[in-house]
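We number each residue from 1, following the sequence as shown.
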Amino acid sequence: MAETGQPAAVVFDALGLEYEKAFARSEAHLASLEWLLGRLAPGSRVLDVGSGTGRPTASTLAAAGHEVLGVDVSPVMVGLAARQVPRAAFRHADIRELPLEQASFDAVCVYFSLLQMTRAEQSEVLGRLARALRPGGLLVLATVPADVEDLPIAFMGQPVRATSFAAEDVVAVARGAGLAVESERFVEFTPDHPAGTAEPHLFLYCARPGGQA
């Protein structure tokens, strides 16, 4: 029932490759990866939070020679990613519970993977991800900016409960996590799916202060 929603793992187990196809045309997503590729040193270590099917994020970064670790709560997604992007490593894990060594990554990608967490969890996770970056490391955050909390919605035909922040509050949360927000990009995108509807997307390009990115 749409009123109850489903855990993220259940939702994305059900969607599988449908999710990849629905978001494959996101020019803003691809542009953010180009931004990373233009600033990362060769062989950088990158964490992909909510790595999904591995495409386009892990596949793009791994093809450029970077060491990618993808983490996802959906075992179906992790299996798909491992088959599709053999150059990267993938783990079935919840980022809220995964131990992260401080200053161990050169970049972190967080594409729409916080929306089924509480606001407190989103803030805490971003803080941990910021600390997992080396000084000067980069973080790209993409989310749906909206002042909603535990809102029942249908996402590509799947009942979920969504929580997010208004755009200015997303920026404030990123800064509160210890990140410098270098730029913001706001776009509207309609997933290529029969149940897809237009949704706002906010991309934040961030860095951990204290070093050369």
Side-chain angles (χ1 to χ4, degrees), residues 4-16 19-20 23 36 44-55 57-59 61-62 66-85 88-135 137-144 148-153 155-156 158-165 169-170 172-179 204 206-208:
T4 58
Q6 300 179 111
V10 175
V11 172
F12 290 99
D13 276 353
L15 289 175
Y19 183 86
E20 177 184 320
F23 285 82
L36 281 176
S44 289
R45 190 162 187 245
V46 184
L47 175 65
D48 183 11
V49 179
S51 46
T53 66
R55 296 175 177 166
T57 304
S59 61
L61 294 165
H66 300 298
E67 179 186 344
V68 182
L69 171 62
V71 176
D72 204 289
V73 294
S74 163
V76 169
M77 289 293 200
V78 169
L80 286 169
R83 289 193 294 275
Q84 295 195 137
V85 193
F90 298 93
R91 288 187 61 179
H92 174 218
D94 189 326
I95 194 63
R96 291 171 292 189
E97 302 168 357
L98 184 68
L100 296 172
E101 185 179 344
Q102 294 197 21
S104 56
F105 291 95
D106 299 294
V108 175
C109 298
V110 192
Y111 291 105
F112 307 103
S113 49
L114 306 182
L115 291 164
Q116 286 183 263
M117 300 181 189
T118 67
R119 286 178 171 175
E121 287 172 335
Q122 292 184 41
S123 298
E124 192 272 338
V125 165
L126 272 179
R128 291 179 59 238
L129 293 175
R131 291 189 292 275
L133 282 171
R134 64 168 178 79
L138 307 171
L139 183 144
V140 174
L141 169 66
T143 191
V144 177
V148 298
E149 200 162 2
D150 202 32
L151 178 70
I153 62 170
F155 174 68
M156 291 176 58
Q158 297 293 319
V160 302
R161 301 188 79 95
T163 295
S164 190
F165 300 87
D169 295 324
V170 176
V173 169
R175 288 174 174 156
L179 295 165
L204 297 187
C206 307
R208 179 180 176 183

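- Rounding to the nearest 0.5 Å places CG of Asp169 at 7.0 Å from CZ of Arg119.
- In this structure the side chain of Asp106 never reaches within 4.5 angstrom of the side chain of His66, judged on heavy atoms.
- Not one N or O on the side chain of His92 forms a donor-acceptor pair closer than 3.5 Å with the backbone of Ser74.
- Judged by distance alone, the side chain of Ser164 and the main-chain N or O of Val148 form no donor-acceptor pair under 3.5 Å.
- No donor-acceptor pair under 3.5 Å is formed between the side chain of Thr53 and the backbone N or O of Leu80.
- Annotation for Ala207 and Leu138: closest pair CB-CD2, 4.1 Å, computed over non-hydrogen atoms.
- Rounded to the nearest 0.5 angstrom, Met117 CE and Arg96 CZ are separated by 5.0 Å.
- Screening Leu36, Val49, Leu47 for a side chain to side chain contact (heavy atoms under 4.5 Å, CB included) involving Cys109 leaves a single residue, Leu36.
- Summarising the geometry of Phe90 relative to Ala58, their closest heavy-atom pair is CZ-CB, 3.8 Å, with the distance given to 0.1 Å.
- A 4.5 Å side-chain heavy-atom check between Leu139 and Arg208 finds every atom pair outside the cut-off.
- Rounding to the nearest 0.5 angstrom, the gap separating the CG atom in Leu100 from the CZ atom in Arg128 is 4.5 Å.
- Residues Leu114 and Leu141 form a side-chain contact, since some pair of their non-hydrogen atoms from C-beta on lies under 4.5 Å apart.
- Two residues are said to be in side-chain contact when any heavy atoms from C-beta on lie closer than 4.5 Å; Arg45 and Ser104 meet this criterion.
- Under the 3.5 Å distance criterion, the side-chain polar atoms of Asp72 are left unmatched by any main-chain donor or acceptor of Val78.
- Between the CZ atom in Arg131 and the CG atom in Leu179 there is a gap of 10.5 Å [rounded to 0.5 Å].
- Annotation: side chain of Leu129 is in contact with side chain of Ile95 (closest heavy-atom distance under 4.5 Å).
- Using a distance-only test at 3.5 Å, with no hydrogens or angles considered, a donor-acceptor pair links the side chain of Gln122 to the main chain of Thr163.
- Annotation: side chain of Leu69 is in contact with side chain of Phe105 (closest heavy-atom distance under 4.5 Å).
- In terms of heavy-atom proximity, Ala174 sits nearest to Leu204 at CB-CD1, 4.1 Å.
- Taking every heavy atom of both residues into account, Val71 and Ala93 meet most closely at CG1-O, 3.5 Å.
- Annotation for Gly50 and Ser113: closest pair CA-CB, 3.9 Å, computed over non-hydrogen atoms.
- Counting all heavy atoms, side chain and backbone alike, Pro135 lies closest to Ala103 at CD-CB, 4.4 Å.
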